[in-house]
Structures are given as C-alpha cells and as structure tokens.
Chemist: 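Supplied in structure tokens, the structure appears directly below.
Heads up: numbering here begins at 1 and tracks the sequence.
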Amino acid sequence: MKKIVVIGAGAAGILAALQAAKKDDNKVILMERNDRIGRKLMITGKGRCNITNVADLPTFIKNIPGNGKFLYSAFRNFFNDDVISFFEKIGVATKVERGGRVFPQSDRAVEVVDTLCKCLYDAKVELQLNTKAMKIITADHKVTGVKTAVGQITSADVVILAAGGASYPATGSDGNGVYLASVLGHTIEELHPALVPLETDLDWVKNLQGLSLRNVRVSVFTEGKKSAEMFGEMMFTHFGVTGPIILSLSRAIAISLSKRQKVFLTINLKPALTPEQLDARLQRDFKKYAHKQMKNAMIDLLPHRLIPIILDLAYISGEKPADQLTKKERYKLVATLRNLSVDITKSRPLAEAIVTCGGVNVKEIDPKTMQSKLIDGLYFAGEVVDVDGYTGGFNLQAAFSMGYTAGKNAADC
C-alpha cells in the first residue's frame, strides 16, 4: 500500500487527492489547516466560482503570463473540457458566459465545494482538517513523512504540496507552502501580488470612487516607455484603480514597482475614435448645446461625475459657454480625453491579491509529472508553483490541471 499525503485542500489539492485515490491500494490523506476545504474556491468569481474558460490551448497559454508554457503537459492531461465533464458527472451543471467563462449553473461556489467534499468522502480520502503541515520530512533526498504544527508525524511515501501562495491568507494561503519547499532546497521566485488593485496619490481619482468605465484603453508606461496596454472595463476606488483590465495589467506593474521603477497609466476614454473623429464629435455636441455651459455640454459624452475633472485637467472652466470654446481649447480637451494620466505609487498588498506571482521555480519541477527534480516523492500543484494567469477561469484551470497531473503520477510512481 502506498501512502500519499496531500498538503492543502484547495482546487489543486482536492483534484490531486481524488486522482491519487483512484488506485484502491493507495491510502490518501488530505491535510487542510482550515476547518473546511476550498476556502479560496468559495470566493472565486465573486462567490460564483469561475471554474474554467472554454478558450483553446494557445489562448490559454497567452492568458497565463506567469510561465504558461510550463503547463502544456498538464493541460494536455486535463484541460477545460475535462473539467466541465468532471463537474457535470459529479452533479454540478455548468454554463458559459461572456468571455468564455464557465460557472456552475447555480452561480454558487458553495455548491462546487460541497460536491467536491462529498467526492472526497466517496473516494475514501482521509480528510484532516485544522491540521497545518510544518515540515516535510526527507531522508537521502526522498520523502518519508510530514510533521504537523502539533508535532504529529505522519509517514508518507509521497507528498503533494498544494498549500497555495500568499494571497488571501485568511483562506489558508499564507506562504507556508512556499516556505516548506524552500527548506527542502527549492529555489523560490520572489512573491509579488498579481491580479491586484493599484494605488495613486491623485485626489481626483479618489473623488471618482465607485465610477466604472467601459470600453476604455489603458496603457502602462514604465520608466517613460509604453510596456503594455489593454482594452475593457476599469473602476476608480478610494485608493486608486481596479477592475478587469487593471487587475490583468497589475502583475507586471507590481514587479516594476518592486524595482523602484516609475509607472504611470494613461486612459483613453474614447479609443474607438481617432483624434479627428473625437474633435468632430465634440463640435457636434457643442453645437447641440451651444447655449449651455461646458459642464453641461458634455453630458452625452461622459459620466456626469467625470466631466468637471476632465475640464479641470484640460484647464477649461466649467462655467464657460460651449459656443465660446476656442479651437486650441478643443484640441486640449481631445488630448485629455485620449490621455488621462494616472501616476501609480504602489499596488495593494499581496494579502489582497487574487493570486500570487512567484513561488517554486518551474525549472525544478518536471512538467510532465509535477514531481520535484530535487526530492524523490515530492510533487507540486497549484499556486505554490511560480505560475499565474489573468482573470477568467485561467488560474483555477491551471490549479485543476496541475492537481490532476500530480495526483495521477503520484499514484502511478
């Protein structure tokens, strides 16, 4: 009988345990520091659990900027159609929404977690809750067991480390998994927040708290050079900016800020229009509202709260009659609408990030099996590995795929 210990009952750990338990002669123990499994799963997709995305493999890899190519083998073993089929078979019906995102039809992450819990029970996985692993015990570069926080030692032939990264520590991902790997000699790539809101000192940004903008283009400038851009939706907050495109751009920004590089964003509020087209649009609006003040002449173009700020940044009085605007002022307004600049001072802390950038160096993990190249019998899966993607189901799919691959190969080794 082979004894397999899985550390961490998140998406990756659960899939690893279920797969490892498919062999009847294996004894599988799933250790979880919380009082229930799937804490982070419960909050994904704003509590709806965006389990995967229906995108094809090349698109998936592009949406995982953090070592996406490392996942080719894991994705071939267990990809999005396999995830959907898996959940359908265990009784969780799914649906596809905007952007190819896949959710349970119930829109309830708790259904996903409760069903997975039942699967673990049916598979006779021994679930040890409120159990924190403090050390992976080895002898001659081979796994022999796991020591818990209360000093209990559990012998093991195989250990699958799926204890998460360091984001949302309240869910159990407090960086302990990365620490356990480092003690065994694994190289740890520095941890940074990914999919995280950004901060600014600009008062006008904070005054727009709660305002969402759709169909805008945000460009990132690092040390004065454009480094990235993205089209979509964003939102202003009391500390800065957030929203889908901000979160997707935040990974590289957080890394740049850690190097003390200067970063600022420019927001093109009307990216579908050329400067000439936007100028023509302004002239039509100002003709339509010729006898109104500027603060009331842009109501067809911008959200009401944004108008005084744009006028102020363009050095145009809101009291000025629209029909008195000069050509030079109009050109300045066009430039402001297309290049609304926001200096970024820092990202929100790692504890508030949706995922962790960094972790166990992928060069020290066999991508075909997820086994450590340094320690025999040690496997990795999930956010503890230096892999991270954009929003849209890409991170959960990566976790499921790595967990499946680790569990299958741990059972067969």
Chemist: Answer yes or no: is there a side-chain heavy-atom contact under 4.5 Å between V96 and I84?
Modeler: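 In short, these two side chains do not touch, never coming nearer than 4.5 Å.
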
Chemist: With a 4.0 Å cut-off on N to O distance, would you call K287 and D323 a salt bridge?
Modeler: no

Chemist: Does L129 offer a backbone N or O that forms a donor-acceptor pair with the side chain of N34 under 3.5 Å?
Modeler: no

Chemist: Within a radius of less than 6.0 Å around NZ of K320, do more than 12 heavy atoms belonging to other residues, nucleotides or ligands occur?
Modeler: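 More than 12 heavy atoms, drawn from other residues, nucleotides or ligands, come within 6.0 Å of this atom.
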
Chemist: Should we count NZ of K118 as having more than 12 external heavy atoms under 6.0 Å?
Modeler: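 Counting neighbours around NZ of K118, 12 or fewer heavy atoms of other residues, nucleotides or ligands fall under 6.0 Å, so no.
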
Chemist: Enter the distance from E199:CD to D343:CG here, rounded to the nearest 0.5 Å.
Modeler: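 The CG atom of D343 is 13.5 Å from CD of E199, to the nearest 0.5 Å.
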
Chemist: Measuring only between side-chain heavy atoms, which start at C-beta, is I29 closer than 4.5 Å to V6?
Modeler: no

Chemist: Atom NZ of residue position K142 - does it have more than 12 heavy atoms of other residues, nucleotides or ligands inside 6.0 Å?
Modeler: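 Yes, because the 6.0 Å sphere around NZ of K142 holds more than 12 heavy atoms from other groups.
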
Chemist: How long is the straight-line distance from NZ of K327 back to CG of D279, given to the nearest 0.5 Å?
Modeler: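 Those atoms lie 8.0 Å apart.
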
Chemist: Which is it for T222 and Q261 under the side chain to side chain donor-acceptor pair (under 3.5 Å) test, yes or no, and what are the steps along the way?
Modeler: CA-CA 7 Å; T222 305; Q261 295 177 325; 5.5 Å; no

Chemist: Just by modelled atom types, is the I255 backbone N or O under 3.5 Å from a matching donor or acceptor in the S258 side chain?
Modeler: yes

Chemist: Taking the side chain as every heavy atom from C-beta outward, state whether H141 and D376 have any atom pair closer than 4.5 Å.
Modeler: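 The answer is no, as the side chains (C-beta and beyond) never meet within the 4.5 Å cut-off.
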
Chemist: Is the distance from the ring center of F87 to that of F400 below 6.0 Å?
Modeler: yes

Chemist: Within a strict 4.5 Å, meaning less than it, do heavy atoms of the K373 and I365 side chains meet?
Modeler: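 Of all side-chain heavy-atom pairs linking I365 with K373, none is under 4.5 Å.
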
Chemist: State, without any angle test, whether T405 and N77 hold a side-chain donor-acceptor pair at a distance under 3.5 Å.
Modeler: yes

Chemist: Would a 4.5 Å heavy-atom cut-off, applied to side chains only, mark I7 and V159 as touching?
Modeler: yes

Chemist: Quick one: does N67's side chain have a donor or acceptor within less than 3.5 Å of a partner on F70's backbone?
Modeler: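 Flag not set: sc N67 to bb F70 has no pair under 3.5 Å.
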
Chemist: Taking the basic N atoms (NZ, or NE/NH1/NH2) and the acidic carboxylate oxygens, is any pair closer than 4.0 Å for R281 and D300?
Modeler: no

Chemist: Under 6.0 Å between the ring centres of F394 and Y390?
Modeler: no

Chemist: E189 and N361: side-chain donor and acceptor closer than 3.5 Å?
Modeler: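 The answer is yes; a qualifying pair exists.
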
Chemist: Which of these, D174, T148, N130, T171, sits in a side-chain hydrogen bond (donor to acceptor under 3.5 Å, both in side chains) with R33?
Modeler: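 Exactly one pass, corresponding to D174.
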
Chemist: Is the side chain of D312 donor-acceptor paired with the backbone N or O of P308 at a distance under 3.5 Å, no angle test?
Modeler: no

Chemist: Please check if the side chain of N50 supplies one atom and the backbone of V102 the other of a donor-acceptor pair under 3.5 Å.
Modeler: yes

Chemist: State, without any angle test, whether E319 and Q293 hold a side-chain donor-acceptor pair at a distance under 3.5 Å.
Modeler: yes

Chemist: Within the distance-only criterion (no hydrogens, no angle test), does the side chain of D388 pair as donor or acceptor with the backbone N or O of V355 below 3.5 angstrom?
Modeler: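 A pair under 3.5 Å: no.
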
Chemist: Within the structure provided, determine whether M235 and R214 are in side-chain contact (heavy-atom separation under 4.5 Å).
Modeler: no

Chemist: Counting only heavy atoms not in K270 (residues, nucleotides, ligands), do more than 12 fall under 6.0 Å from its NZ?
Modeler: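 More than 12 heavy atoms, drawn from other residues, nucleotides or ligands, come within 6.0 Å of this atom.
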
Chemist: Within the 4.5 Å heavy-atom criterion, are M402 and L71 side-chain neighbours or not?
Modeler: yes

Chemist: Just by modelled atom types, is the P169 backbone N or O under 3.5 Å from a matching donor or acceptor in the S173 side chain?
Modeler: no

Chemist: Scan side-chain atoms only and decide if S106 and E111 contain a donor-acceptor pair under the 3.5 Å cut-off.
Modeler: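 Short answer, yes.
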
Chemist: Is R48 salt-bridged to E97, cutoff N-O under 4.0 Å?
Modeler: yes

Chemist: Can a cation-pi geometry be assigned to R330 and F286, taking NZ or CZ under 6.0 Å from the six-membered ring centre and within 45° of the ring axis?
Modeler: no

Chemist: Hey, is K132 close enough to E32 for a salt bridge, meaning N to O under 4.0 Å?
Modeler: no

Chemist: Consider only side-chain N and O atoms of K40 and S167, and report whether a donor and an acceptor are under 3.5 Å apart.
Modeler: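 Yes, S167 and K40 have a side-chain donor paired with an acceptor closer than 3.5 Å.
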
Chemist: Counting only heavy atoms not in K206 (residues, nucleotides, ligands), do more than 12 fall under 6.0 Å from its NZ?
Modeler: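 It does: K206 NZ has more than 12 such atoms within range.
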
Chemist: Tell me whether R217 forms a cation-pi arrangement with F231, defined as NZ or CZ under 6.0 Å from the six-membered ring centre and within 45 degrees of its axis.
Modeler: no

Chemist: Without swapping roles, check the side chain of N296 against the backbone of K292 for a donor-acceptor pair under 3.5 Å.
Modeler: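 Between the backbone of K292 and the side chain of N296 there is no qualifying donor-acceptor contact (under 3.5 Å).
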
Chemist: Supply the atom-to-atom distance N53 CG to F79 CZ, rounded to the nearest 0.5 angstrom.
Modeler: 8.5 Å

Chemist: Is it the case that S372 and E364 place a side-chain donor and acceptor less than 3.5 Å from each other?
Modeler: no

Chemist: In terms of side-chain geometry, is the basic nitrogen of R36 or D114 positioned less than 4.0 Å from the acidic oxygen of its partner?
Modeler: yes

Chemist: Above 12 or not: heavy atoms from other molecules or residues under 6.0 Å from OH of Y179?
Modeler: no

Chemist: Between OG of S347 and CG of L198, what distance do you get to the nearest 0.5 Å?
Modeler: 6.5 Å

Chemist: Parallel under 30°, tilted from 30 to 60°, perpendicular over 60°: which one fits the rings of F86 and F78?
Modeler: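 Correct class here is perpendicular.
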
Chemist: Looking at side-chain heavy atoms only, is the closest gap between Q397 and F75 below 4.5 Å?
Modeler: yes

Chemist: Please tell me whether Q209 and T237 have a donor and an acceptor in their side chains that are separated by less than 3.5 angstrom.
Modeler: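 The criterion, which ignores hydrogens and geometry beyond distance, is not satisfied for T237 and Q209.
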
Chemist: Quick one: does S85's side chain have a donor or acceptor within less than 3.5 Å of a partner on D82's backbone?
Modeler: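 Pair absent, no side-chain N/O of S85 close to backbone of D82.
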
Chemist: Of K23, K2, K368, which meets salt bridge (charged side-chain N to carboxylate O under 4.0 Å, His left out) against D412?
Modeler: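 Of all the options given, the one that passes is K23.
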
